[in-house]
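This one's a predicted model, so the numbers in the text were calculated from it and none came from an experiment. To find a chain, count down the sequence lines: A is the first, B the second, and so on, and within it residues start at 1.
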Amino acid sequence: MAEQPMTRNFEIGGAPHVPPQTTVAKVMLQVLLALVPGVLAYTWFFGPGILVQIGLASVFALAFEYLMLRLRGRPLKPFINDYSAVVTAVLFALCIPPLAPWWVSCIAMLFGIGFAKHLYGGLGQNVFNPAMVAYVVVLISFPQAMTSWLPPTALAEHSLGLADTLATIFTGRVPLEGGWDAITQATPLDLLKTGVETGRMVPEIRNSPIFGDFGGRGWEWIANWFALGGCFLLYRRVISWQVPVAVIGSVLLLSLPFWLADPDSNPFPLQHVFSGGIVLAAFFIATDPVSGCVSDRGRLIFGAGVAIITLVIRRWGGYPDGVAFAVLLMNMAAPLIDRYTRPRMYGE
Amino acid sequence: MLISVLILSALGIVFGLGLGWAALRFKVDSDPVVERIDALLPQTQCGQCGYPGCRPYAEAIAKDEADINQCPPGGEAGIRALADLLGREPKPLNPENGEETAKTVVLIDESRCIGCTLCIQACPVDAIVGAAKLMHTVIRSECTGCNLCLPPCPVDCIDIVAAETSPPRWQRPRPKTARTG
Amino acid sequence: MSEHLLILVSTVLANNFVLVRFLGLCPFMGVSNKLEGAMGMAVATAFVLTLSSVSSYLVHRYLLTPFHLEYLSTLSFILVIAVTVQLTEMFMRKSSPVLYRVLGIFLPLITSNCAVLGVALLNVQEQHNLLQSALYGFGAAAGFGIVLVLFAAMRERITLADVPVPFKGAPIGLITAGMMALAFMGFKGLANL
Amino acid sequence: MMPSQLKQILADGAWRQNTGLVVLLGLCPLLAVTNTLVNGLALGLATMLTLMVSNLSVSLLRGLLKPEIRIPAFVLIIASVVTVIELLMHAYFYDLYRILGIFIPLIVTNCAIIGRAEAFASRNSPLPSLIDGFATGLGFCIALVLLGALRELTGHGTLLSGAHMLVGDWGRSLTLAVIPSHPGFLLAMLPPGAFFGLALLIAARNAWKARTPAQSFTPLTQDAHET
Amino acid sequence: MNSSSHPVIRSGFLLGLIAVLGTGLLAGVNELTHERILEQEKRRVLQQLNEIIPTAAYNNDLLEDRIEIKDESFFHHPDPVTVYRARMDGQPVAALMTITAPDGYNGDIRLLAGVDTSGTLLGVRVISHRETPGLGDPIEIEKSDWILSFTHKSLLNPQNNGWAVKRDGGEFDQFTGATISPRAVVKAVHNTLLYFNANRDLLFGTKSTGANRDDA
Amino acid sequence: MTPSPIDEAAHEAGKRIHHFHGGLRLRHNKKISCRDPVERPPLPDLLIVPLLQQAGDIAEALVHTGDRVLKGQPIGQCQPCAAIHSPVSGTVEAIEDRPMSHPSGQSGPCVIIRPDGREEWFKLNPVDDWQTAGADELITQIQRCGIAGLGGAVFPTHTKMRDGRDRHIHTLILNGVECEPYISCDEMLMREQPGKIILGARILRRVLGAERVLIAIEDQMGAVQKALIGCAEFAQSKNISVIKVPTIYPEGGERQLIQVLTGLEVPAGGRPSDLGLVCQNVATAAAVAEAVTQGTPLIERYVTVTGNGISHPRNFLALFGTPISHLVACCGGYNDDVARLVIGGPMMGYPLDTDSAPVVKASNCVLALSRQDIAEPQVEMPCIRCGECARVCPAMLLPQQLQLQIRNGLWKPAQEYGLSACIECGCCDLVCPSHIPLVDWFRYGKGELRKRALENAATELARKRFEEREERLLRLKQERAEKMTRRKQVLKDKTTQQDRIQAAIRRAENKVAQKPDGQDGGTADDT
Ligand SMILES: Cc1cc2nc3c(=O)[nH]c(=O)nc-3n(C[C@H](O)[C@H](O)[C@H](O)COP(=O)(O)O)c2cc1C
Ligand SMILES: Cc1cc2nc3c(=O)[nH]c(=O)nc-3n(C[C@H](O)[C@H](O)[C@H](O)COP(=O)(O)O)c2cc1C
Ligand SMILES: Cc1cc2nc3c(=O)[nH]c(=O)nc-3n(C[C@H](O)[C@H](O)[C@H](O)COP(=O)(O)O)c2cc1C
Ligand SMILES: Cc1cc2nc3c(=O)[nH]c(=O)nc-3n(C[C@H](O)[C@H](O)[C@H](O)CO)c2cc1C
Ligand code: SF4
Ligand code: SF4
Ligand code: SF4
Ligand code: SF4
Ligand code: FES
């Protein structure tokens with residue numbers, strides 16, 4: 001076109017013509033950041049074991065992530081770098097006893113990352129919460145390893161240093177006289193369950209030194225720090241308030257009448273909240289966007305469901321704590337819930 | 001021993017009678033599914049499925065005489081819809097029936113048309129107008145592109161043209177995203 | 001009372017027929033591709049199961065036991081069931097052809113849904129009385145139905161996921177069922193309150 | 001009947017249309033009794049026997065059966081056969097009988113059996129029906145044995161444990177510890193393990209089949225094309 | 001329905017026919033196998049009993065010489081306890097009791113305990129339990145020989161407070177991570193001994209109530 | 001209409017500021033283009049006037065190559081949509097396909113005019129006194145002058161007015177929000193020609209028979225409010241209020257704006273007129289004023305030329321057909337790091353691959369973005385269901401689910417998830433951590449839906465006509481049968497003919513059935 005000599009060509013791209021605000025990796029990193037205080041508290045109360053477990057789990061998680069991506073012929077870089085596998089690993093490590101042998105993490109991650117995540121198509125498409133699948137698999141497969149818990153270092157007559165911890169985790173043998181029986185102890189929830197079942201009174205059971213003001217000594221503080229991290233996520237809008245509120249609220253509401261009716265065989269509501277995995281689950285696990293519900297109403301139902309099932313299992317079931325199962329069971333229900341809680345559209 | 005035989009045969013006979021009665025009582029009448037199948041067919045009426053039109057094909061499917069992958073104009077989408085309706089596994093289009101092609105219409109080259117009315121007779125949807133000895137034209141909006149009018153035309157004055165896609169009819173392409181997962 | 005509650009809890013959750021007892025898996029895998037279909041199946045099965053549970057109990061209690069014909073139980077139970085199913089089928093076929101289409105070949109196959117015969121046999125094994133049998137049958141059906149519907153909803157989501165090719169379809173379905181079984185392990189011990 | 005047809009029937013029943021791995025019928029016993037190889041094998045044999053007899057008798061009676069009573073009739077026949085087998089096992093393989101428990105009478109409801117009666121025996125003459133019964137039973141047996149082996153191996157690291165219940169006391173010597181001092185992996189023994197195991201078997205079969213080119217409809221998600 | 005006038009009758013008749021054939025067959029087979037099946041049932045129970053008391057040690061028909069007792073004050077469980085009495089030439093040798101430990105980790109643990117006339121344990125076996133595999137199940141003889149540690153024990157050996165798991169200051173081992181199951185078993189066995197001590201004569205005295213044989 | 005709570009709330013419009021779901025606060029970037037006053041650029045030596053400027057069909061040209069045209073002379077007309085007029089006096093060089101700033105990026109028929117610089121006007125016939133003129137007269141005038149919505153949709157204003165006149169409209173909303181970043185043409189218009197806007201508002205109000213006019217502006221436009229109110233008072237016109245609304249994208253969206261002003265939602269699938277409201281852009285109002293009082297057709301508009309890719313951003317009053325390259329040249333050309341050329345705002349605008357395309361009724365802004373302004377092509381991750389998209393969606397949809405359904409071609413669920421309610425604002429796209437091109441998917445999906453609707457219509461038609469034909473043939477047969485009984489002679493040749501036809505059809509079917517694409521080849525030869 002002679003008339004317009006200086007026309008010029010451009011490459012085109014889809015709207016909006018503005019750089020995106022965030023990335024998956026940033027989201028996951030925030031979650032990891034929010035977990036830091038809780039983990040530090042954990043280390044403070046129970047020794048360095050947890051750090052080792054986190055390391056182990058992360059390594060195995062990334063290894064299986066890499067393997068599965070290769071097998072599925074999917075690009076490695078974006079998915080290895082999205083940190084979702086690490087989140088899975090950390091949350092799993094926080095569920096197992098600090099001295100669990102190393103192969104526990106290995107098998108757990110095989111099922112968590114390999115089965116629960118990648119057989120469903122990897123990031124974002126898994127129906128079940130990988131970390132919880134991993135935990136439940138090892139819990140039912142190796143009940144002994146998964147029930148030998150440590151008392152808080154404050155109470156333990158002899159606590160393990162880093163060297164001993166490593167030795168224990170990798171050899172499976174406790175480098176102390178007395179072996180396992182010497183250092184392990186039933187968790188507060190265990191004591192409660194077995195105690196109540198053998199007809200002892202809750203206040204009586206709570207006299208045991210491992211109980212603190214609400215939950216177990218140590219455990220309750222760890223819970224507080226996790227809650228703090230959770231609030232950070234809330235503030236950053238990584239998670240929505242519905243889930244945590246629903247979980248903790250329902251726990252309080254539902255355990256209250258039992259406690260009022262019979263305080264001798266039912267623990268104080270706050271004790272329910274602060275013992276076991278409730279707080280961690282409320283802020284970090286039940287909030288997993290992928291395996292959770294989509295709509296706000298859905299999330300409320302999801303949270304309440306987790307709380308109810310957990311309490312039922314604690315009260316009547318065979319396991320001292322039921323959070324993991326509760327989460328998986330609600331994962332099961334999530335698609336159905338989503339279907340019946342589609343939010344109202346504009347003008348509807 | 002004897003008792004057992006008696007009892008069970010009694011049971012058997014009673015149930016048998018019950019069933020026979022029920023079979024008569026609840027005899028099924030015509031199958032409403034044909035309608036729903038026919039609704040899924042493109043109504044091109046081209047007969048490529050091997051049946052003289054969409055509805056006969058629908059009836060054949062309902063009677064399990066024809067498979068669901070015989071309609072080229074319907075294409076993959078059509079097959080999928082049928083599979084959904086009938087709760088079957090989707091399968092690729094049967095190549096014997098032809099292959100899925102972009103929608104076309106036909107144009108009669110009026111300069112060559114001799115007005116023999118043969119195409120009018122052939123068109124299953126009366127998309128061609130014109131009287132004997134006068135040139136004919138195709139009503140574009142009503143032509144289904146079945147091409148049945150081509151063979152009868154003695155002077156081959158009917159051409160196939162693509163359905164138009166100028167800016168007003170312009171259709172945004174499917175985003176080509178480097179889908180990673 | 002609590003004993004009856006126990007029967008329900010046990011059959012629905014702790015010893016869920018599909019996920020723990022391994023009964024009724026074929027329809028579980030077969031009719032779970034569409035939520036609607038699953039719901040239909042759940043209802044149909046619930047109906048048949050309760051009905052046949054009771055009727056087979058009656059046959060056993062008042063026909064077989066008096067004459068010491070326990071060895072005929074399988075035979076007579078399956079006969080009872082087959083007839084119940086057959087009647088249900090003809091009825092549904094008449095009353096709602098659409099549902100009939102959806103359930104397809106599976107209605108006659110309720111006969112060979114082993115949950116149905118299983119309930120009948122277990123009733124005998126556990127020496128249930130009439131009410132218990134009814135509850136047991138219903139509980140089993142409820143457990144079956146609930147799991148089936150949840151499963152169907154999940155599968156609808158999974159079909160949209162990028163599942164590795166060899167696992168598409170049945171395998172990923174089974175994996176999912178396995179995960180459900182995993183979750184149901186949590187109810188272990190509920191049955192002995 | 002010509003050998004080609006025979007081969008056809010055998011291949012279909014035993015592998016190509018394998019009830020356990022392809023048609024996915026008879027899943028309950030397949031998952032319930034396969035925590036060891038031997039249990040699987042035992043039930044497999046029982047099932048095979050039932051299939052053959054029932055197919056035979058159904059195809060003999062096929063002329064007389066009206067549609068509305070076809071199913072009940074089949075079921076009656078099958079049930080009789082199964083009960084006979086049950087009684088015999090109760091009398092002669094007592095230990096197996098106790099382990100397999102309710103799943104012996106439940107052979108009646110193994111969808112595979114009625115399925116074959118419907119699909120094959122009621123339309124073919126006795127001999128092919130008999131063979132079809134054998135083939136299908138064989139296929140089912142294969143599935144049971146594979147899964148049983150897989151689970152026993154991962155669960156206990158052994159194979160053929162408890163063979164004595166099938167073949168008498170000398171069978172104890174058959175038990176082979178493939179992985180000595182296997183710590184024991186409970187999951188494989190529990191319900192989830194059963195599901196996972198079967199899933200893996202089928203997936204393996206699919207992968208194997210995919211290597212040998214066969215036309216398969218790219219599934220519903222169009223992303224399959226993009227990925 | 002292309003059929004002629006009476007499809008109903010016809011189908012009924014057919015089903016009946018098949019039913020008759022089937023039943024005939026079954027009845028026949030049943031006749032043949034009936035005896036042997038009963039045998040098998042008996043043999044199984046005997047096998048269990050003989051694990052505790054060798055066949056040489058008695059010569060009466062254990063399965064026939066049997067009574068049912070109920071005593072919640074000792075057994076803390078509603079279920080009746082079946083007692084098989086072993087006798088040599090009429091003289092009491094031992095009593096084998098099927099007791100139930102109510103407080104296992106996952107509910108009841110059913111045990112078989114044999115006590116000779118002197119009140120010494122001939123042995124204990126677990127008949128059935130629901131304890132957690134891998135934790136509580138070493139109480140089975142197949143999993144470990146912990147259960148054998150009861151053999152030759154009696155009320156005096158060990159002394160009363162020795163009848164507990166080590167963790168509770170007793171003599172019997174617990175398993176790592178699992179105290180409840182062993183605890184339950186020990187308690188139940190101890191109760192049995194106490195009961196035996198209290199009503200030894202009653203146990204051997206009364207003649208067999210051949211009453212309910214068919215729940216053997 | 002009996003006053004329902006809804007009506008009352010609607011009448012309350014503007015009394016209180018409500019808020020709408022979702023939305024985003026974006027960097028404003030408007031100042032840079034508001035520094036100097038708006039002026040006309042020098043005439044380019046060629047104007048390219050596309051015959052497709054709005055929703056609807058391609059207009060048919062009213063002139064031929066070589067014709068002389070006058071300024072404001074109609075050169076294109078099409079029935080449903082707005083007419084097209086010549087922006088200058090000059091000669092028609094050609095009527096040919098040229099790039100025509102359409103989202104498709106395709107070329108289309110354009111009238112190429114070489115201006116003669118004499119600016120001779122075509123005879124204009126204004127409405128002599130709009131205050132007395134009837135609504136119909138005004139509407140025809142609006143139609144004749146080719147007025148279309150200048151706010152985005154370029155929807156023919158006369159259609160909206162007709163509809164509004166027939167409904168019971170009580171409030172006219174003038175949309176001066178201009179919520180997209182960078183764009184400042186409406187703001188400049190409101191600064192410099194408030195009188196025209198007020199006049200247009202009064203005319204439109206009269207046409208609609210509405211009581212009130214609400215002019216909505218962003219709370220950051222300080223001077224504008226005074227100016228508008230001033231003019232309203234000068235015109236002694238009651239019930240014209242200027243309302244400031246908070247700056248949240250996409251508040252300018254018709255439905256969002258209505259929600260902000262009334263707290264009501266336009267019913268799904270409905271229109272503002274269902275609430276007794278009509279929404280027009282301020283520029284549209286100004287254009288209406290000129291059209292009615294001076295009879296000048298719509299031939300020019302305010303255009304913002306801005307972005308970090310432009311050396312001296314500013315606003316122009318540009319004639320339609322002015323090549324974008326010309327405007328840019330008048331702004332001192334591009335900066336070196338210019339990367340993308342967008343028509344419209346950064347959120348909703350569409351990219352052009354060449355700046356030889358002209359300004360048209362729809363082009364409110366020419367945006368030249370530099371490298372760092374735009375996203376480098378992102379690798380798309382799978383949706384992690386984080387729910388951000390749903391949180392910001394002003395239409396309250398579940399974009400993640402929607403995207404999934406469209407991706408898998410599940411159109412029914414897609415509709416259930418409200419695909420057609422999506423206003424393509426792009427908020428979800430912007431916040432998605434997985435960088436899923438959501439808006440692209442939704443636009444594609446909408447297109448598919450439209451296509452499907454057409455196809456279904458065609459299918460239905462075909463079915464109808466097929467069945468009609470079937471029974472016609474049947475009837476013929478019967479009649480023939482009767483005839484047969486009467487007149488054997490006639491019968492003979494009829495049947496023979498019938499046979500021939502049947503044979504033809506059969507031949508056709510066979511041929512098609514055997515080699516489906518055979519006949520294409522066949523025709524290809526002799527065409
Ligand atoms: C899932 C699970 C299953 C358990 N099963 C048993 C069991 O079957 N038997 C048992 O004695 N303890 C079992 N325990 C351990 C008890 O909870 C409790 O920790 C232990 O018996 C207390 O005794 P300790 O002093 O050995 O820790 C189980 C614990 C868990 C978490
Ligand atoms: C009778 C009538 C029909 C309308 N039809 C449409 C239509 O089909 N498409 C459309 O985008 N707008 C239509 N509108 C105008 C819309 O209400 C809306 O004003 C127009 O879409 C511009 O709004 P937007 O820029 O927010 O998209 C119609 C208006 C009226 C009065
Ligand atoms: C996301 C979105 C943002 C919009 N922003 C504006 C805007 O800032 N200013 C405006 O006048 N119209 C805007 N529109 C168009 C209005 O919705 C509406 O169509 C227009 O004001 C109707 O007036 P018109 O027909 O005179 O253009 C926007 C539309 C959408 C969908
Ligand atoms: C708020 C939040 C919570 C998460 N919680 C979990 C979790 O509980 N378990 C897990 O495996 N991954 C979790 N992830 C990581 C990621 O979503 C998860 O691995 C996906 O399921 C991978 O598809 C979480 C991520 C976020 C942002
Ligand atoms: S091929 Fe399809 S379109 Fe053509 S007639 Fe058959 S069904 Fe109709
Ligand atoms: S005109 Fe020709 S192609 Fe079009 S519908 Fe009629 S016959 Fe078919
Ligand atoms: S923002 Fe993106 S990743 Fe998050 S839910 Fe929406 S689509 Fe999925
Ligand atoms: S583009 Fe559509 S879906 Fe996305 S936010 Fe805007 S309206 Fe909602
Ligand atoms: S085998 Fe149980 S349902 Fe088919």
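For the set F:Leu264, F:Val342, F:Leu26, the count of heavy-atom pairs under 4.5 angstrom toward chain A peaks at F:Val342. Most heavy-atom pairs under 4.5 Å with chain A, from the set F:Arg391, F:Gln400, F:Met348: that is F:Arg391. Highest contact tally toward chain A, considering only F:Leu397, F:Leu367, F:Leu369, F:Leu341, is held by F:Leu341 [criterion: heavy-atom pairs under 4.5 Å]. Considering only heavy-atom pairs separated by less than 4.5 Å from chain F, the leading option among A:Val238, A:Val27, A:Asn9 is A:Asn9. Residue with the most contacts toward chain F among A:Ala15, A:Pro19, A:Ala25, A:Gly124: A:Pro19 (heavy-atom pairs, distance under 4.5 Å). Ranked by heavy-atom pairs under 4.5 Å with chain A, the first of F:Met396, F:Gln372, F:Gln259, F:Glu388 is F:Met396. Here F:Pro267 is the residue among F:Gly426, F:Pro267, F:Cys425 with the most heavy-atom pairs under 4.5 Å with chain A. Residue with the most contacts toward chain A among F:Ile374, F:Leu430, F:Thr354, F:Val431: F:Leu430 (heavy-atom pairs, distance under 4.5 Å).
Around atom OH of A:Tyr83, no more than 12 heavy atoms belonging to other residues, nucleotides or ligands sit under 6.0 Å away. Within a 6.0 Å sphere centred on NE2 of F:His18, other residues, nucleotides and ligands contribute more than 12 heavy atoms. Taking a 6.0 Å sphere around CG of A:Leu33, one finds it holds more than 12 heavy atoms contributed by other residues, nucleotides or ligands.
Side-chain contact check for A:Glu11 versus F:Asp353: every heavy-atom pair is 4.5 Å or farther apart. Under the 4.5 Å side-chain criterion, counting only non-hydrogen atoms from C-beta, A:Pro343 is in contact with F:Leu398. Side-chain contact between F:Pro433 and A:Thr22 is present, with heavy atoms from C-beta onward closer than 4.5 Å. Contact annotation: the side chain of A:Arg8 approaches that of F:Val338 to within less than 4.5 Å [non-hydrogen atoms, C-beta and beyond]. A:Arg344 is listed as a side-chain neighbour of F:Glu265, based on a closest heavy-atom distance under 4.5 Å. Between A:Phe79 and F:Met381, some side-chain heavy-atom pair lies under the 4.5 Å cut-off.
With hydrogens and angles disregarded, no donor-acceptor distance shorter than 3.5 Å links the side chain of A:His17 to the backbone of F:Arg340. The closest donor-acceptor contact from the side chain of F:Asp440 to the backbone of A:Gly14 lies at 3.5 Å or more, if one exists at all.
Rounding to the nearest 0.5 angstrom, the gap separating the CG atom in F:Leu352 from the CZ atom in A:Phe10 is 9.0 Å. In this structure, F:Gln401 CD and A:Arg342 CZ are separated by 10.0 Å, a value rounded to the nearest 0.5 Å. From F:Ser434, atom OG reaches atom CG of A:Asp82 across 9.0 Å, with rounding to the nearest 0.5 Å. Put simply, CD1 on F:Ile384 and CG on A:Leu123 are 6.5 Å apart, with the number rounded to the nearest 0.5 Å. Between A:Met345 atom CE and F:Ser420 atom OG the span is 7.5 Å, to the nearest 0.5 Å.
Looking at A:Asp296, neither its backbone nor its side chain comes within 4.5 Å of chain F, counting heavy atoms on both sides. With a threshold of 4.5 angstrom between heavy atoms, A:Val290 approaches chain F through its backbone and through its side chain. No part of F:Leu438 comes within reach of chain A, as not one of its non-hydrogen atoms sits under 4.5 angstrom from that chain. For F:Cys432, the part lying under 4.5 angstrom from a heavy atom of chain A is the backbone only. Heavy atoms closer than 4.5 Å to chain A are found nowhere in F:Pro181, neither backbone nor side chain. Proximity to chain A involves both the backbone and the side chain of F:Tyr417, based on heavy atoms less than 4.5 angstrom apart.
F:Pro351 and A:Gly13 make their closest contact through CG-O, 3.3 Å (heavy atoms, listed as atom of the first residue, atom of the second, distance).
In this structure, F:Arg385 pairs ionically with A:Asp338, as a charged nitrogen and a carboxylate oxygen lie closer than 4.0 Å.
Taking the ring axis of A:Tyr346 as reference, the NZ or CZ atom of F:Arg255 does not stay both within 45° of it and closer than 6.0 Å to the ring centre.
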